[in-house]
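What you see is a predicted model; the values in this text were computed from it and never measured. Letters A, B, ... are given to chains in the order of the sequence lines, protein chains preceding strands, and every chain is numbered from 1.
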Number of protein chains: 2
Amino acid sequence: MSAKLKALDQNQAIEMGKSCVCFITRRAARCITQFYDEMLRPVDLRSTQLILLNSIRILGSVSIKRLAKAVVMDRSALARNLKPLDKQGLIRIERGEDLRERVVTLTKLGLEKATEAFPLWEKAQAEVQNKLGREGLDTLFASLSGVVLLTRKK
Amino acid sequence: MSAKLKALDQNQAIEMGKSCVCFITRRAARCITQFYDEMLRPVDLRSTQLILLNSIRILGSVSIKRLAKAVVMDRSALARNLKPLDKQGLIRIERGEDLRERVVTLTKLGLEKATEAFPLWEKAQAEVQNKLGREGLDTLFASLSGVVLLTRKK
DNA sequence: TAAGATTAGGGGTATATGCCCCTATATGTC
DNA sequence: GACATATAGGGGCATATACCCCTAATCTTA
């Protein structure tokens, strides 16, 4: 801080509060996460966890690195998020052929869990879709996907 | 789990992976947060922290409860998020007239910090806006605001 | 093939976030 | 004014998330 700046005024503050993409996106993520979490409570899974189980279901046996890339998440954060799933026996984590790698696999129990969760997810999804309308949902997706692609490194 | 369900198949899994509003929103929030965080690094503030400082700047002295409502966040989560700001002397937390309340106020240092951060925020914001286009940004806002309003309790 | 470069993960540290339950304080009612 | 109720926060617990740095394993190249 070299030159003395004119202090942030109320108008600037309001502009930031109203238009900040980071704020609005995080806020929405909080709300939506709570909503899905609530819907998933009967099967004792958080939405974040279902997302991971489902991603593993899609990818099959997959390294941490590749899974992290698929869900666009920091590797070490992902590794930590996998721990509760491992502890509950929903996934298995083993050394890969390449000994540097850890390979993550869905267990039988994990597949069952995802299977139970699916209809609940569908219901949550349907409600949100209902509220936003088909069109609203499409534009939301387009915007958010755009954001991911454009701010993502590498 | 009473009746035996048919196991989640690949198509269902892919549908969930592609269309889950929770997933896509969280993913976008992660990316955008990283982007803003990086831009704000020179002033040693995280985007979440700037959002809070700015909200306090707008509201003036404000109780935890009211601030939480303003940013649509869990009270206790918010209280915790305020701690690092308090520790750095950017805000002050005092008992209110109503002794149940804690009143949060921006300090001189906090205002300075927000002031320094503002141009960096503007730059980040401009870049995102640039990428999405004015229109894209507007629809994004409309959708995400809609989501917040509709999933919010009370 | 041995030395250097690259890659995959893990651990440390810090923050962000929510739920539940407990305590302190107010408020409202008889 | 005493008691029931409602409200504001705090603490415990668990998870989510990122960055940095370290180690182990693999790959590249002289």
Atom-to-atom span, CG of A:L45 to P of D:dA16 - whole angstrom: 10 Å
Side chain to side chain, A:F141 and B:K18, heavy atoms closer than 4.5 Å: no
Sugar-phosphate only, base, or nothing, as touched by A:D98 at under 4.0 Å among non-hydrogen atoms: sugar-phosphate
Sugar-phosphate, base or nothing in reach of B:T48, heavy atoms under 4.0 Å: sugar-phosphate
Comparing B:V62 and A:R75 on DNA chain D - which has the more 5′ nearest nucleotide: B:V62
Axis deviation across the helix from C:dT1-D:dA30 to C:dC30-D:dG1, five-pair ends, to the nearest 10°: 10°
Side-chain donor-acceptor pair present, A:Q12, B:R57, cut-off under 3.5 Å: no
Distance, rounded to the nearest Å, where B:E97 contributes CD and C:dA26 contributes C1': 13 Å
Sugar-phosphate only, base, or nothing, as touched by A:R41 at under 4.0 Å among non-hydrogen atoms: sugar-phosphate
Test item: A:M16 and B:I51 side chains (from C-beta on) under 4.5 Å apart, heavy atoms: no
Sorted by number, the residues of residues 80-89 of chain A with heavy-atom contact under 4.0 Å to DNA chain D: A:R80, A:N81, A:P84
Ion pair check, A:E127 and A:K123, cut-off under 4.0 Å: no
Pairwise side-chain contact, B:T115 with A:K6, heavy-atom cut-off 4.5 Å (strictly under): no
Short side-chain N/O contact to D:dA24 OP1/OP2 from A:R100, under 4.0 Å: no
Rounded distance (Å) that lies between atom C1' of C:dG18 and atom CZ of A:R26: 13 Å
Sugar-phosphate only, base, or nothing, as touched by B:S63 at under 4.0 Å among non-hydrogen atoms: sugar-phosphate
Atom pairs and distances, side-chain donor-acceptor, residues 95-103 of chain B, under 3.5 Å, sequence neighbours left out:
from	atom 1	to	atom 2	distance (Å)
B:D98	OD1	B:R100	N	2.9
B:D98	OD1	B:R100	NE	3.1
B:D98	OD2	B:R100	NE	3.4
B:D98	OD2	B:R100	NH2	2.8

Length of the line joining B:Q34:CD and C:dT15:C1', which is rounded to integer Å: 14 Å
Minimum-distance nucleotide (side-chain atoms of A:S76 versus D:dG9, C:dG12, C:dC19): C:dG12
Atom pair distance, as rounded to whole Å: CZ in A:R27 and P in C:dG18: 13 Å
Side-chain H-bond candidate by donor/acceptor type, B:T139 with A:T139, under 3.5 Å: no
Nearest-nucleotide comparison on DNA chain C, the residue closer to the 5′ end among B:L52 and A:K65: A:K65
Non-hydrogen atoms of B:T107 and B:I91 that approach each other most closely: CG2-C, 3.6 Å
B:R134 bridged to B:D138 by N-O distance under 4.0 Å: yes
Integer-rounded Å distance: C:dT13 P and B:D44 CG: 18 Å
Distance, rounded to the nearest Å, where B:L50 contributes CG and C:dT15 contributes P: 16 Å
N/O (side chain, A:R46) to phosphate O (OP1/OP2, D:dT15) under 4.0 Å: no
Atom-to-atom span, CZ of A:R30 to C1' of C:dC19 - whole angstrom: 16 Å
Short side-chain to backbone donor-acceptor contact, B:N54 and A:A13, under 3.5 Å: yes
